[in-house]
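Reckoned from all heavy atoms, side chains included, excluding hydrogens, waters and symmetry mates. Worth saying up front: this structure is predicted, and the values here are computed from it rather than measured.
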2 protein chains.
Amino acid sequence: MTSVPSASPDLSAIPDAELLRLDHQVCFSLHAASRAFGGYYRRALKDLGLTYSQYLVMLVLWEQGPQPVKAIGGRLHLDSGTLSPLLKRLESAGLVRRERSREDERSVVIELTSEGAGLRERALSVPRGVLAATGLSLEEVLGLQEVLGRLTGALGEVVDGD
Amino acid sequence: MTSVPSASPDLSAIPDAELLRLDHQVCFSLHAASRAFGGYYRRALKDLGLTYSQYLVMLVLWEQGPQPVKAIGGRLHLDSGTLSPLLKRLESAGLVRRERSREDERSVVIELTSEGAGLRERALSVPRGVLAATGLSLEEVLGLQEVLGRLTGALGEVVDGD
DNA sequence: CACAATTGAATTGTGCACAACTCAATAGGC
DNA sequence: GCCTATTGAGTTGTGCACAATTCAATTGTG
C-alpha cells in the first residue's frame, strides 16, 4: 500500500489542496454530464410527454412487463418516495394502471395501458439520437458504461457496508 | 458518413429495439452513478453541514474568492433559480455573505465568512476519501473526466445550437 | 435626456431524490 | 390462535434542477 504500481502516478504524492480543485473532482464532471443528459432528454421526450425519469420507468415496463413498484425500484435504484408520485403522474397521463396484487395485498402491480405500450414505437428512435448527440464512438460508450457500472457498485458498497 | 471506421462496430446495424434496452442506455448508468455519488457525499459532508451542491458552490468560492451569483452559475452551469435559495441557506448557516455590488447594483456578490473560509480545512480530506471509495485508478479517473467533459460539451452544443 | 432592449437576481411552479415516518398486510415464533 | 417483526406503499418535509416570469439596474440609440 505504501508503494504504487510504477505505471500509475502516485496519488498520495498529490497534495490535498490540489485534489480539492473543482476541475479535479469526478463528482463535478459526472454531475454536469448527468444534467446535460437531462437537458437533452427534456427536449427529446417532450413530444412523448415524458420526463427523463418517467422514461426510465417506461423502459423497465416495456422491457419486463407488469411488475410491482418494488421491482421497478430495484431495477432503477429508486425508492417509493420517488416512485409513488411519479407513477401516479404516469397513471394520470393514461400510460399505466396501478392495481393491488391479489397474492400480496401490500404490493401494487404496475401495468402498461395499451396507450403506454403503444408509446414504445415512438420511443424507438430516441436512443440513436442520444448516441449521435453524445459525439462518442460505440467503444467509448461501452467503456464509459463499464467504468460507471463499477463506480456505482463501489460507491454502493461503501454506503451500504458502512 | 454511410461507411463507418473499420475498427468500430457498425452502430447502424444494431436494431432500434436493442438500443432501447435499459442496460444499453448511457443515460441510465450515468444517472445511477451520479446518484451513487450523491449518496456518498450525503454521508461524507454530513459533518460539514453541507449538501452535495452546496459543497460544489463552496469549492468555487474557496478556489476563486468572492464573486457574483452569475459567475458561480457559469462555473457550475446552474441558474439563479437553483442558486438563489441555495445561497440563502449557506447564508443562514453563516458560511457566506450576500452583498449587492456597488459597481453594478443588479449583481449580488457572494463572499465567504471566516467560518466559511475555515470550513475548507475540514473539507481537504474529502476528495481523497471519494477517490478511494470509487475503487478507480488515477488513470481511469482522468480518462473518465475527459470523456465526461466531451460528453457534456457535445450535449450542450446540441441543446444550445438547436 | 428619453426610451427601448438587455442583463442579473429573485420568485413561482413542476418534478425528481431521498430520509423519516405511518399504516396495513404478511410471516414467524410461541 | 396470538403477538411481534418485517415488508411494501404511501406521505411528509427538505433540497436540487430548471422553465417561465417579474423587476430593478444598466446599456445602447437616437
Is B/Arg98 near enough to C/dA9 that one of its side-chain N or O atoms lies under 4.0 angstrom from OP1 or OP2?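 For C/dA9, neither OP1 nor OP2 has a side-chain N or O of B/Arg98 closer than 4.0 Å.
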Verify the contact: side-chain N or O of B/Ser53 to OP1 or OP2 of D/dA17, cut-off strictly under 4.0 Å; return yes or no.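 For D/dA17, OP1/OP2 do have a side-chain N/O of B/Ser53 under 4.0 Å.
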Under 4.5 Å between any side-chain heavy atoms of A/Leu20 and B/Arg120, yes or no?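 Yes - at least one pair of side-chain heavy atoms lies under 4.5 Å apart.
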Nucleotide [N], atom [atom2] - distance to [atom1] of [X] in whole Å:
{"X": "B/Glu91", "N": "C/dA9", "atom1": "CD", "atom2": "P", "result": "14 Å"}
{"X": "A/Glu99", "N": "D/dA9", "atom1": "CD", "atom2": "P", "result": "14 Å"}
{"X": "B/Arg42", "N": "C/dA17", "atom1": "CZ", "atom2": "P", "result": "11 Å"}
{"X": "B/Leu90", "N": "D/dG15", "atom1": "CG", "atom2": "C1'", "result": "12 Å"}
{"X": "B/Leu45", "N": "C/dC18", "atom1": "CG", "atom2": "C1'", "result": "15 Å"}
{"X": "B/Leu87", "N": "C/dA10", "atom1": "CG", "atom2": "P", "result": "8 Å"}
{"X": "B/Gln54", "N": "D/dA17", "atom1": "CD", "atom2": "P", "result": "10 Å"}

Just to verify, what does [X] make a salt bridge (charged side-chain N to carboxylate O under 4.0 Å, His left out) with, not counting sequence neighbours?
{"X": "A/Glu111", "result": "A/Arg97"}
{"X": "B/Asp104", "result": "B/Arg106"}
{"X": "B/Glu99", "result": "none"}

Mind checking what makes side chain to side chain donor-acceptor pair (under 3.5 Å) contact with A/Arg42, not counting sequence neighbours?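 Not a single residue meets the side chain to side chain donor-acceptor pair (under 3.5 Å) criterion with A/Arg42.
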May I have all residue pairs that pass ring-ring contact (aromatic ring centres under 6.0 Å, His included) and include part of residues 46-75 of chain B, sequence neighbours excluded?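 Counting only pairs at least two positions apart or across chains, the ring-ring contact (aromatic ring centres under 6.0 Å, His included) contacts touching residues 46-75 of chain B are A/His31-B/Tyr52, B/Tyr41-B/Tyr52, B/Tyr41-B/Tyr55.
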Where each residue is assigned the nucleotide of DNA chain C containing its nearest heavy atom, which of B/Lys46 and A/Leu56 is assigned the position nearer the 5′ end?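 Its nearest nucleotide being more 5', the pick is A/Leu56.
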My understanding is that a pair needs two contacts under 3.5 Å, Watson-Crick or G-U wobble. By that rule, which nucleotide pairs with D/dG30?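 Pairing partner: C/dC1.
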What contact category does A/Lys88 fall into here, base, sugar-phosphate, or nothing, at under 4.0 angstrom with non-hydrogen atoms?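 Since only primed, P, OP1 and OP2 atoms lie under 4.0 Å of A/Lys88, the category is sugar-phosphate.
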Heavy-atom closest pair, residues B/Leu148 and A/Ser29: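 Nearest pair, atom of B/Leu148 first, then A/Ser29: CD1-OG, 3.9 Å.
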Qualifying salt bridge (charged side-chain N to carboxylate O under 4.0 Å, His left out) pairs with a residue from residues 45-54 of chain A, counting only residues at least two apart or across chains: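 Residue pairs passing salt bridge (charged side-chain N to carboxylate O under 4.0 Å, His left out), neighbours aside: none found.
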So if I take residues 100-110 of chain A and measure heavy-atom distances to DNA chain C, which residues fall below 4.0 Å?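 Those residues are A/Glu103, A/Asp104, A/Glu105, A/Arg106.
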Which residues within residues 60-84 of chain A lie with some heavy atom under 4.0 Å of an atom in DNA chain D?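 Result for residues 60-84 of chain A: A/Pro68, A/Val69, A/Lys70, A/Ser80, A/Gly81, A/Ser84, sorted by number.
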Side-chain donor/acceptor pairs under 3.5 Å, residues 65-72 of chain B, sequence neighbours excluded:
{"residue": "B/Gln67", "atom": "NE2", "partner": "B/Gly65", "partner atom": "O", "Å": "2.9"}

